[in-house]
Amino acid sequence: MLGAAASAVNWVPGFEPAGAFWRAPILALAAGSPAVFWLWARVIFDDDFILRGRHAALWALLVAGEMVSAYGGATWSRLGPVADTMVQLASLGLAVLAAAQTMATWRGDLVMGRRRLRVAVMLGAVLFISIDAIYSSGLGRLALAPAAIDTFRAAGLCVLAVLTAWSLLQVAPTGPAAAVLPQSRADAPPAAEPKTALQTIAPSLLRRLEQLMTEECIFRQERLTIGALASRLTVPEEQLRRAINEGLGYRNFNAFINQYRLKDVKTALSDPSQHDVPVLTIAMDAGFRSLGPFNRAFKADTGMTPTEYRRKARGAPPADLSRSDQADRKIG
């Protein structure tokens with residue numbers, strides 16, 4: 001929001017010739033906002049993403065490019081326009097990446113408030129950044145007059161603010177007024193306690209879900225989706241999402257499914273009768289579609305590679321590697 005405000009200030013007629021001391025902080029906020037927005041999308045919508053210090057380099061590059069574009073025109077007449085074009089293209093690319101992140105994890109998201117946030121704020125902000133980048137690069141002026149484009153930008157900023165307010169400032173529903181007022185009579189019955197999430201979720205649904213996962217091992221289906229699982233349980237998809245999120249504590253569907261898949265893999269790796277079976281085969285049999293996501297999930301869960309886990313489960317020393325283990329080491 002600070003970046004959007006800085007962009008609005010930067011559009012004010014007459015602000016461009018302002019002194020470097022006053023204009024530089026506004027330019028930095030406006031130029032770096034696409035990088036901040038992309039990182040925000042990763043943090044909010046990707047539960048496995050870890051924000052690190054090196055991500056600040058992306059923001060610094062955008063700000064440096066904008067400063068060269070704004071103040072380097074007199075010294076480097078050719079470098080200024082090139083830097084400005086690169087900044088706008090990078091901003092547009094980051095907006096596309098943010099949109100891709102939104103859509104890639106949308107189906108598996110179990111948190112209802114976060115699912116609404118994707119539509120209300122995310123897509124609106126992506127559209128706003130894209131329009132601003134296209135205009136700033138000069139492409140928008142080929143089709144529309146500057147006054148019309150400024151009108152669209154101002155309208156887009158207003159819509160973004162309204163969507164943000166609608167998503168983040170909703171008032172929680174309240175009960176009848178009598179339930180809020182204090183009881184004045186000593187013999188008045190106590191107010192009913194609010195139901196918890198577990199009380200509002202049918203225990204029978206959780207039992208059926210556990211049975212389907214542990215006894216029928218439906219998690220081994222390679223492309224299992226929450227929609228297919230809801231159909232198998234004959235319940236609405238939103239009800240199943242709420243049960244897994246509020247009843248079992250999972251924020252996304254992949255984490256819920258991977259819990260059972262990883263348990264299945266660890267059982268197979270610990271089984272002496274399967275010590276010659278390649279790790280890739282075991283992972284595929286458990287329902288993983290590719291080796292990369294499996295290795296990352298396994299390392300995050302156990303702190304070691306599948307080959308190291310198998311060797312530790314067998315009690316073999318590091319030098320005692322069979323031909324199958326050597327092949328698995330190349331994989332995991």
Side-chain angles (χ1 to χ4, degrees), residues 41-50 100-123 166-176 179 191-268 283-290 293-294 296-298 300-302:
R42 294 295 306 274
V43 170
I44 294 296
F45 300 126
D46 185 357
D47 293 324
D48 297 327
F49 178 74
I50 300 176
Q101 178 65 42
T102 303
M103 301 308 298
T105 55
W106 177 73
R107 286 292 301 169
D109 195 356
L110 302 175
V111 184
M112 297 307 300
R114 192 167 60 174
R115 287 171 62 82
R116 290 192 298 265
L117 183 65
R118 295 172 187 268
V119 179
V121 178
M122 191 68 188
L123 296 182
W166 176 81
S167 177
L168 302 180
L169 304 179
Q170 296 184 61
V171 178
T174 58
E193 295 183 0
K195 293 184 177 181
T196 63
L198 289 177
Q199 290 175 326
T200 59
I201 297 173
S204 59
L205 174 58
L206 297 178
R207 288 195 298 267
R208 289 163 54 202
L209 177 61
E210 180 67 14
Q211 179 182 4
L212 197 62
M213 302 300 294
T214 57
E215 297 182 10
E216 301 185 32
C217 297
I218 194 175
F219 60 86
R220 290 176 178 170
Q221 293 185 12
E222 182 179 341
R223 297 185 180 275
L224 180 64
T225 63
I226 192 168
L229 188 58
S231 299
R232 185 69 177 270
L233 292 167
T234 63
V235 297
E237 184 176 320
E238 293 304 319
Q239 183 179 351
L240 180 58
R241 289 181 185 275
R242 187 162 174 251
I244 299 175
N245 174 233
E246 299 181 10
L248 301 178
Y250 290 92
R251 294 172 58 85
N252 66 78
F253 184 67
N254 287 337
F256 169 69
I257 293 296
N258 283 347
Q259 173 203 9
Y260 294 94
R261 289 174 174 169
L262 290 172
K263 184 178 179 180
D264 197 48
V265 168
K266 287 186 285 187
T267 300
M284 294 299 181
D285 290 343
F288 287 98
R289 289 187 293 175
S290 59
F294 161 68
R296 289 192 294 270
F298 193 93
D301 182 68
T302 64

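Numbers here simply count residues along the sequence, with the first being 1. Note that the coordinates shown come from a computational prediction; the quantities given were computed from them, not determined experimentally.
The backbone N or O of Phe219 lies less than 3.5 Å from a partner atom in the side chain of Arg261, making a donor-acceptor pair. Formation of a donor-acceptor pair under 3.5 Å by the Arg114 side chain with backbone atoms of Arg251 is found in this model. In this structure a side-chain-to-backbone donor-acceptor pair under 3.5 Å is present from Asn245 to Tyr250. Judged by distance alone, with hydrogens and angles left aside, the side-chain atoms of Arg115 form no donor-acceptor pair with the main-chain N or O of Leu110 at under 3.5 Å.
Interatomic distance, CG of Asp264 versus CG of Asn258, reported as 12.0 Å (0.5 Å rounding). In this structure, OG1 in Thr105 is found 12.0 Å from CZ in Arg107, a value given to the nearest 0.5 Å. Atom CZ of Arg232 is separated from atom CD1 of Ile218 by 4.5 Å, given to the nearest 0.5 angstrom. Atom CG of Leu240 and atom CG of Leu205 lie 6.5 Å apart (nearest 0.5 Å). Note that OG1 of Thr102 is 11.0 Å distant from CZ of Arg42, once rounded to the nearest 0.5 Å.
Note on ring orientation: taking the six-membered ring where Trp is involved, the planes of Tyr260 and Phe256 are perpendicular (angle over 60°, cut-offs 30° and 60°).
In this structure, the side chains of Met112 and Glu246 stay at 4.5 Å or more apart for every pair of heavy atoms. Contact annotation: the side chain of Ile257 approaches that of Met213 to within less than 4.5 Å [non-hydrogen atoms, C-beta and beyond]. Within the 4.5 Å cutoff, the side chain of Leu209 has heavy atoms near those of the Leu248 side chain. Two residues are said to be in side-chain contact when any heavy atoms from C-beta on lie closer than 4.5 Å; Leu233 and Leu212 meet this criterion.
A salt bridge links Glu238 to Arg241: one of the charged nitrogens lies within less than 4.0 Å of a carboxylate oxygen. Under 4.0 Å is where a charged nitrogen must lie from a carboxylate oxygen, and between Arg296 and Asp48 no such pair does.
Among all heavy-atom pairs drawn from Asn252 and Ala255, the shortest one is OD1-N, 2.8 Å. A pairwise comparison of heavy atoms in Leu262 and Ala297 identifies CD1-O, 3.8 Å as the closest pair. Closest approach of Val265 to Ala286, counting heavy atoms only: CG2-CB, 3.6 Å. Taking every heavy atom of both residues into account, Gln101 and Ala41 meet most closely at CG-O, 4.1 Å.
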Problem - Residue pair Gln221, Leu229: steps toward the side-chain contact (heavy atoms from CB on, under 4.5 Å) verdict - result: CA-CA 10 Å; Gln221 293 185 12; Leu229 188 58; over 6 Å; no

Exercise for the section: Take Phe45 and Val111 through the test side-chain contact (heavy atoms from CB on, under 4.5 Å) and record every step on the way to the result. Expected result: CA-CA 10 Å; Phe45 300 126; Val111 184; over 6 Å; no

